[in-house]
Amino acid sequence: MEQSPSPSMRSESETEPGSNNAGERGDERTGQRERYSRQMLFPPIGASGQQKIAAAIVVVVGMGALGTVIANHMARAGVGKLRIVDRDYVERSNLQRQMLYDEEDVQHLRPKVVAAERKLSRINSDIAIEPVVSHVTADNAEALIAGADLVLDGTDNFQTRLLLNDVCFKLGIPFIYGGAVSSNGMTAVFIPGQTSCLRCLLGSGDTGSGGDTCDTVGVISPIIDIIASLQAVEALKLMVGATSATRQGLLSLEIWQHQMMNLKLPPQRANCPTCSLKQYPTLSQGDNEADHRPVTLCGRETVQIGGNRAIDLKLMADRLERSCTVTRNPYLLKAELPEGERLVLFPDGRVLVQGTEDIARAQSLYDRYIGS
Amino acid sequence: MGVRITVTVPMLLSDCTKGRSAFELEADTLQGALQLLVAEYPLLKVHLYNEHGEVRKHVLIYYNNDNIAWLDKLDIPLAAGDKLRVLQAVSGG
Ligand SMILES: [Zn+2]
């Protein structure tokens, strides 16, 4: 009884989605029970926990190394609605650790969320996966996150994390931070109304560097899997309502020299503009401008420009083909410039200038080929 | 004669601490240990503090289980086996 139908039976009985056939629904239930049986045998989850997971809406922001591991866990666990957000496309240097991607994705210049959705929907076709190719900004962050039961951090910079932290605390949504670089990782669960926030943890000293990144000091893949999996565990607990099991504090791991530290999270700072004063500074108009300023993507020989004016890829392809080698898919356009640099254009207006870290040089190439 | 405590720093900063990411220091108070740490390892200082002597953003210095940033005072007498742990908030992903 517990066996799923054979492939031939299945193709015979396959009907359009939305069919109301009672037998079909029964098969579906059996299939669901089988798919999640091992997880439902785990007492803290059980059948009722599985229902809660199936009803959950989870947003994973950033589909790089952490994000792919997290999304893999969420999809296999049966999260009912999974929204995945990322601005990048798959590159060869991602394959060492970004576990949902392969060489074909690199060849096709697939945006990460598109490649991830293809893979995840083959892993679990019963859940709704919503890929969003976008840079998370003060303008769109609330819309991307509204309605979520929790937000999982797969980003690679503190600027975006502080934005997510602001939105999550504004909307009252738990935010599960994770970071990994080198052989080192950290994770913590921030719950509005219960814990302090990421801004409290990071402190308010100088505005100095944003810390080492995977693009500057490297990273080994196991630390990614460990941190992302720890984030996924906390997500499962929150989804099934196992609040007493939720890990408190900041967990710090160094796996090359085997150090593990479980540290206290800061107390809520009385002057924290996010969790105490509820001002959410990254969402204020002032910071808004910053989203469109050219930025050097550290360690990647890339400058990112624009993002405030939509780009018609077809039109740009026709224009750029006169002087450059152009490749294009529905999500992006890549042009090899005679100057040696490469431009990658996205429909939302973002342009990556690859092959330089000089903002002035990047801006001049942008003006020359895209127009100011 | 001070109290012997253990200090750990991230492997990425061990260039500044003679290649070691765990070592010992002897001091009487937390304040003294923090001063001695940067006196013995001057290269570490610029990673931990800005030009105003404030702990840099994203640097977390824990005395046992508490971040020194939220202690009221630093002239706390040390006890044998105390731990001073330097961490950097991790941004990669
Ligand atoms: Zn806070």
Side-chain angles (χ1 to χ4, degrees), chain A residues 61-62 64-67 70 153-161 177-188 196 198 200-219 223-224 227-228 249-250 252-254 256-257 259 261-267 269, chain B residues 5-24 30 34 37-38 43-74 76 81-93:
Chain A
V61 181
L66 290 171
I70 294 167
D153 170 18
T155 66
D156 61 1
N157 65 85
F158 280 125
Q159 196 188 345
T160 310
R161 284 190 181 97
Y177 156 63
V181 70
S182 185
S183 52
N184 201 4
M186 265 183 194
T187 174
S196 57
L198 181 65
C200 289
L201 174 70
L202 294 181
S204 53
D206 64 313
T207 50
S209 84
D212 299 302
T213 74
C214 301
D215 295 315
T216 55
V217 299
V219 62
I223 188 65
I224 297 287
I227 293 296
L250 171 70
S252 170
L253 289 174
E254 205 299 305
W256 201 257
Q257 299 184 335
Q259 289 173 349
M261 303 177 201
N262 217 335
L263 301 157
K264 276 198 285 197
L265 279 181
R269 289 174 198 239
Chain B
I5 63 163
T6 328
V7 182
T8 54
V9 300
M11 203 169 74
L12 287 167
L13 291 184
S14 60
D15 299 359
C16 309
T17 51
K18 300 177 182 159
R20 294 173 302 179
S21 55
F23 49 90
E24 294 185 328
L30 175 57
L34 290 167
L37 178 63
V38 291
L43 293 173
L44 194 59
K45 190 172 181 177
V46 65
H47 290 281
L48 305 194
Y49 300 98
N50 66 15
E51 61 272 29
H52 309 298
E54 296 156 345
V55 176
R56 283 190 184 280
K57 196 173 188 175
H58 305 157
V59 171
L60 312 171
I61 303 178
Y62 275 82
Y63 168 60
N64 294 330
N65 204 16
D66 287 305
N67 190 321
I68 62 166
W70 66 73
L71 295 175
D72 294 329
K73 56 187 178 68
L74 296 177
I76 302 170
D82 275 354
K83 288 176 181 155
L84 191 58
R85 300 184 273 203
V86 175
L87 291 88
Q88 287 174 305
V90 180
S91 76

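Proteins come first, then strands; the chains are lettered A, B, ... in the order of their sequence lines, and each starts at number 1.
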If I measure from the heavy atoms of chain B, does Ile223(A) come under 4.5 Å with its side chain, its backbone, both, or neither? neither
Quick test of your reading: applying salt bridge (Lys or Arg N to Asp or Glu O under 4.0 Å), list the pairs with at least one residue in residues 59-68 of chain B, sequence neighbours left out, ordered by first then second residue. Lys264(A)-Asp66(B)
Let me know if Leu253(A) has heavy atoms under 4.5 Å from chain B in its side chain, its backbone, both or neither. neither
Of the backbone (N, CA, C, O) and the side chain (C-beta and beyond), which part of Thr160(A) lies under 4.5 Å from a heavy atom of chain B, both, or neither? neither
So OH of Tyr62(B) and OG of Ser252(A): to nearest 0.5 Å the spacing works out to 9.0 Å
Can you tell me which residue pairs pass the side chain to side chain donor-acceptor pair (under 3.5 Å) test with a partner in residues 5-18 of chain B, sequence neighbours excluded? none
Which heavy atom in Asn184(A) sits nearest to a heavy atom in Pro10(B), and how many Å separate them? ND2-CB, 4.4 Å
Between Ala69(B) and Arg269(A), the two heavy atoms sitting closest are CB-NH2, 4.5 Å
Minimal non-hydrogen separation, Met11(B) against Ser183(A), with atom names: CE-OG, 3.6 Å
Heavy-atom pairs under 4.5 Å with chain B: which of Pro266(A), Gly154(A), Ala65(A), Gly62(A) has the most? Pro266(A)
Under 4.5 Å from any heavy atom of chain B, what part of Asn262(A) do you find: side chain, backbone, both or neither? backbone
For the residue pair Gln88(B) and Met186(A), what are the closest heavy atoms and their distance? O-CE, 3.3 Å
Less than 4.5 Å apart, any side-chain heavy atom of Ser21(B) and any of Glu254(A)? no
Give the minimum heavy-atom separation between Leu202(A) and Ala89(B), together with the two atoms involved. CD2-CB, 3.5 Å
Compare all side-chain heavy atoms of Leu87(B) with those of Leu263(A) and state whether any distance is below 4.5 angstrom. yes
Go through Asn64(B), Asn67(B), Leu60(B) and name the one with the most non-hydrogen pairs under 4.5 angstrom from chain A. Leu60(B)
Counting only heavy atoms not in Trp70(B), do more than 12 fall under 6.0 Å of its CH2? yes
Distance (rounded to the nearest 0.5 Å) between His58(B) NE2 and Leu201(A) CG: 9.0 Å
